[in-house]
Amino acid sequence: MSAASLDRQNRAMLRKLLTIVVIMAGFGWALVPLYRKICEVTGIAQTRSADSVANSQIDTSRWVTVEFVANNNGSLSWQFEPLKTTLRVHPGELTQVMYRVVNNTGRKVVAQARASYGPVAAAQHFKKVECFCFTSQTFEVAETRQMPVTFMLTPELPRDIDTVTLSYTFFDVTAQAAPPKG
Amino acid sequence: MAQAHTHGKNEHVQGHGDHSHGHGDHHDHHPTGLMRWVKSTNHKDIGTLYLWFSFIMLLSGGALALIIRAELFQPGIQVVNPEVFNGLTTMHGLIMVFGAIMPAFVGFANWLVPMQIGAPDMAFPRMNNWSFWLLPPAAILLVGSFFVPGGATGSGWTLYPPLYIQNGIAADMTIFAVHILGASSIMGSINIITTILNMRAPGMTLMKMPLFIWTWLITAYLLIAVMPVLAGAVTMLLTDRHFGTNFFNAAGGGDPTMFMHVFWFFGHPEVYIMILPAFGIVSQIVPAFSRKPLFGYSSMVYATASIAILSFIVWGHHMFTVGMPVTAQLFFMLATMLISVPTGVKVFNWVATMWKGELTFETPMLWAVGFIALFTIGGFSGLVCSMTPIDVSIHNTYYVVAHFHYVLFSGALYSIFGGVYFWLPKFTGNMYDEKLGKWHFWLTTISFNITFFPQHFLGLAGMVRRYADYPLQFAEWNMWSSIGAFILGPSQLLFLYIVLKCIKGGQKAAQKQWEGADSLEWTHLPSPAPYHSFETPPVLR
């Protein structure tokens, strides 16, 4: 084989391999929407939008203790707390609780709350009809605001779960102040 | 000289006893001194650069590990504060993975691929030069990050957000270092694939290639498939830090768990990138000292390919505790266990190669046998980790630390040491000091086991990794682990001495120094191998 034709072959191979590199780079970025789609379809991390709740039978045969937790993230050190820290409910029962924020940071804050649940197995049975965590909110200086969460535990909640924790974390998004994605 | 030599050899690849040496009449024209190395496009020079770079990184990463072990010698905080400790574990991991293990294998590939397939050089010599010289700037960025405000990044080599995003400027330096290392790996891989596929000597069919070539071909494909994904992941970290994106920022609707998925999609093939070439080296050494052909050559090739393909679908086993659905846990658990089948085939084949062979135990063989024994321990502890219910309890403990040091130190690094001893006679033309080589092996093996075996116990007892301090009940095994480490580290200086001594002189090596070695560099090229290998292709039967 002549040197020139080998050179041509090598260059052709270089182009093919670079194509693989470009495709895989694209794949890496494509994992982002793919991940979001999978979470959406499978209902994992369904914490950011309102759930629709079908009219369901209240399971009065058992009680579940729901614990309410409030956290602040990073630099956001303001007063954030649930008015009630625990509540006993029946699965299938629509319940409303209140959280309170006191903006004692001395500045106007745009903040976004995120919910998480414990134990993990309870997450898909925790339905929020109304929540202050669905959108980011603006708090004026020294403003105090009470915010409702309306939720229901589905009657399908596994029977071995007798305590569910609903935890909110407030993030300071003043810097971004753009509507959240996802 | 080299040409005349290769022309003349027309006989079967396996059999001839010509012991001619490579002090040729033909002197090559190339720049001397420093510029020889800076401008070199010669595959052997670049291979040498890679190997030295890797060794310097091994010592640097090892020094960090010794500081870690000094801190963990006793409970409490004695040597470094916890922030520095986090930086040490992070940089130890990054430096060893990207600086020591990977470049060492690329160094071997540079030296051996053209020689073993009968090619004059790599396909793209200038790109080869560039892919090496990208490494030192990346290393400077990594090591230099210890000295910037905030210190080295402390979120572990996996760079997990949100902690990673909160690091100081060191985080950006690390991201750029990973970009550069990724570019270097991709270029190196393209070079290796093209050389192997296009430049084999006539008659060197794919299924006649030495196993080292096969494993590197497959490794190179893995690299070009996953390095771009890692580059994407760290770019997302960078834009989250500086450009207001929210890929991983929960406040903005992002999800830190997504980083784990993207990272480990790269990360699991990456761990096979670090072990497949090791399989290749061991598959060269074991037959040579058993004086038998490799048992089950084609099953070795298929096993390597299966391991590579499976590596893309098991990443979830690194994150069983993240809260994934049971179905996903089951899938990742079973897929992971499946990998032990082709890996078991390999271990079986190595043992079967030794079975009834005329075994001798020169230093390279010691490392290869040590590899088989200790890597298998690491493989078994990997199987333990793969079981979801067990992993939930040992995740992020020292059990995992022990597991991956058994596969990476006594796996990847043992094969590198074995490979260096095996090919040093071919590289330098001189024999290394056999007695010192054996000392190096035994010192390393004994102290390695003192260092890492107790970490299994620590992990099972619940000691969590990446902490500068620990409760009192873990004190005794940590003491043993630190004692082992302080023998293990200095023992590697003996290796430096042996290599330098071998380069300077010693007993002249024969062309076919190892009786049972049968690849082209032993059968067709003198020792030391000439500057240009096969300007005319060798004639194979």
Side-chain angles (χ1 to χ4, degrees), chain A residues 1 3 6-32 34-36 38-39 42-45 47-48 73-74 76 110-114 116-121 123-124 136 169-173 175-182, chain B residues 119-120 122-124 127 162 166 182-183 186-187 189-199 202 220-221 223-236 244-255 257-263 265-266 321-328 537:
Chain A
M1 182 166 24
L6 176 65
D7 198 48
R8 234 185 350 266
Q9 274 188 15
N10 284 352
R11 277 165 197 281
M13 180 68 75
L14 176 70
R15 275 191 295 276
K16 273 183 223 163
L17 295 172
L18 279 177
T19 316
I20 300 181
V21 172
V22 171
I23 290 171
M24 288 312 293
F27 176 77
W29 290 90
L31 283 174
V32 176
L34 191 68
Y35 177 83
R36 295 220 166 102
I38 289 172
C39 289
T42 56
I44 304 169
T47 61
R48 292 164 191 161
N73 179 265
L76 190 61
V110 184
Q112 168 74 49
R114 291 289 174 207
S116 66
Y117 312 100
V120 175
Q124 55 180 307
S136 60
T169 305
F170 250 118
F171 295 88
D172 185 352
V173 294
Q176 282 117 316
K181 300 190 241 172
Chain B
M122 298 296 277
F124 306 108
M127 191 162 84
Q166 295 157 14
I186 288 170
M187 288 193 293
S189 302
I190 288 177
N191 222 333
I192 288 167
I193 297 174
T194 310
T195 310
I196 295 176
L197 291 185
N198 285 358
M199 296 173 68
Y221 271 109
L223 274 167
I224 60 169
V226 298
M227 276 297 167
V229 177
L230 175 68
V234 297
T235 309
M236 290 174 209
T245 59
N246 292 303
F247 289 106
F248 312 122
N249 180 3
D255 189 344
T257 307
M258 183 173 76
F259 181 84
M260 302 171 76
H261 282 285
V262 180
F263 179 86
F265 181 84
F266 146 82
T321 57
V322 83
M324 60 170 69
V326 175
T327 348

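The chains referred to below are lettered A, B, ... by the order of the sequence lines, with proteins before strands, and numbering in each begins at 1. Just so you know, these numbers come straight off a predicted model, no measurement behind them.
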Under a 4.5 Å heavy-atom cut-off, does chain A meet the side chain of [X], its backbone, both or neither?
X: B/Ala231; value: neither
X: B/Ala123; value: both
X: B/Thr257; value: both
X: B/Leu230; value: neither
X: B/Asn191; value: neither
X: B/Met127; value: side chain

Compare all side-chain heavy atoms of B/Met199 with those of A/Asn10 and state whether any distance is below 4.5 angstrom. yes

Answer whether the closest heavy-atom distance between the side chains of A/Leu31 and B/His261 falls below 4.5 Å. no

What pair of heavy atoms forms the shortest contact from B/Val229 to A/Met24, and how long is it? CG2-O, 3.6 Å

Can you name the closest pair of heavy atoms from B/Asn198 and A/Leu6 and give their distance? O-CD1, 3.6 Å

Find the distance between [atom1] ([X]) and [atom2] ([Y]) and round it off to the nearest 0.5 Å.
X: A/Gln112; Y: B/Asn246; atom1: CD; atom2: CG; result: 10.0 Å
X: B/Ile186; Y: A/Ile20; atom1: CD1; atom2: CD1; result: 11.5 Å
X: B/Thr194; Y: A/Arg15; atom1: OG1; atom2: CZ; result: 11.0 Å
X: B/Met187; Y: A/Leu18; atom1: CE; atom2: CG; result: 10.5 Å

Residues passing the ring pair (Phe, Tyr, Trp, His ring centres under 6.0 Å) test with B/Phe263, sequence neighbours excluded, are B/Trp157, B/Phe259, B/Phe266

Of A/Met13, A/Arg11, A/Lys16, the largest count of non-hydrogen pairs under 4.5 angstrom with chain B goes to A/Met13

Name the orientation class of the two ring planes belonging to B/Phe247 and A/Trp29 (parallel below 30°, tilted from 30 to 60°, perpendicular beyond 60°). perpendicular

Kindly determine whether B/Val262 and A/Tyr35 satisfy side-chain contact (heavy atoms from CB on, under 4.5 Å), including the steps that lead there. CA-CA 9 Å; B/Val262 180; A/Tyr35 177 83; over 6 Å; no

Between B/Ala233, B/Gly244, B/Ala225, B/Pro202, who has the most heavy-atom pairs with chain A when the cutoff is under 4.5 Å? B/Ala225

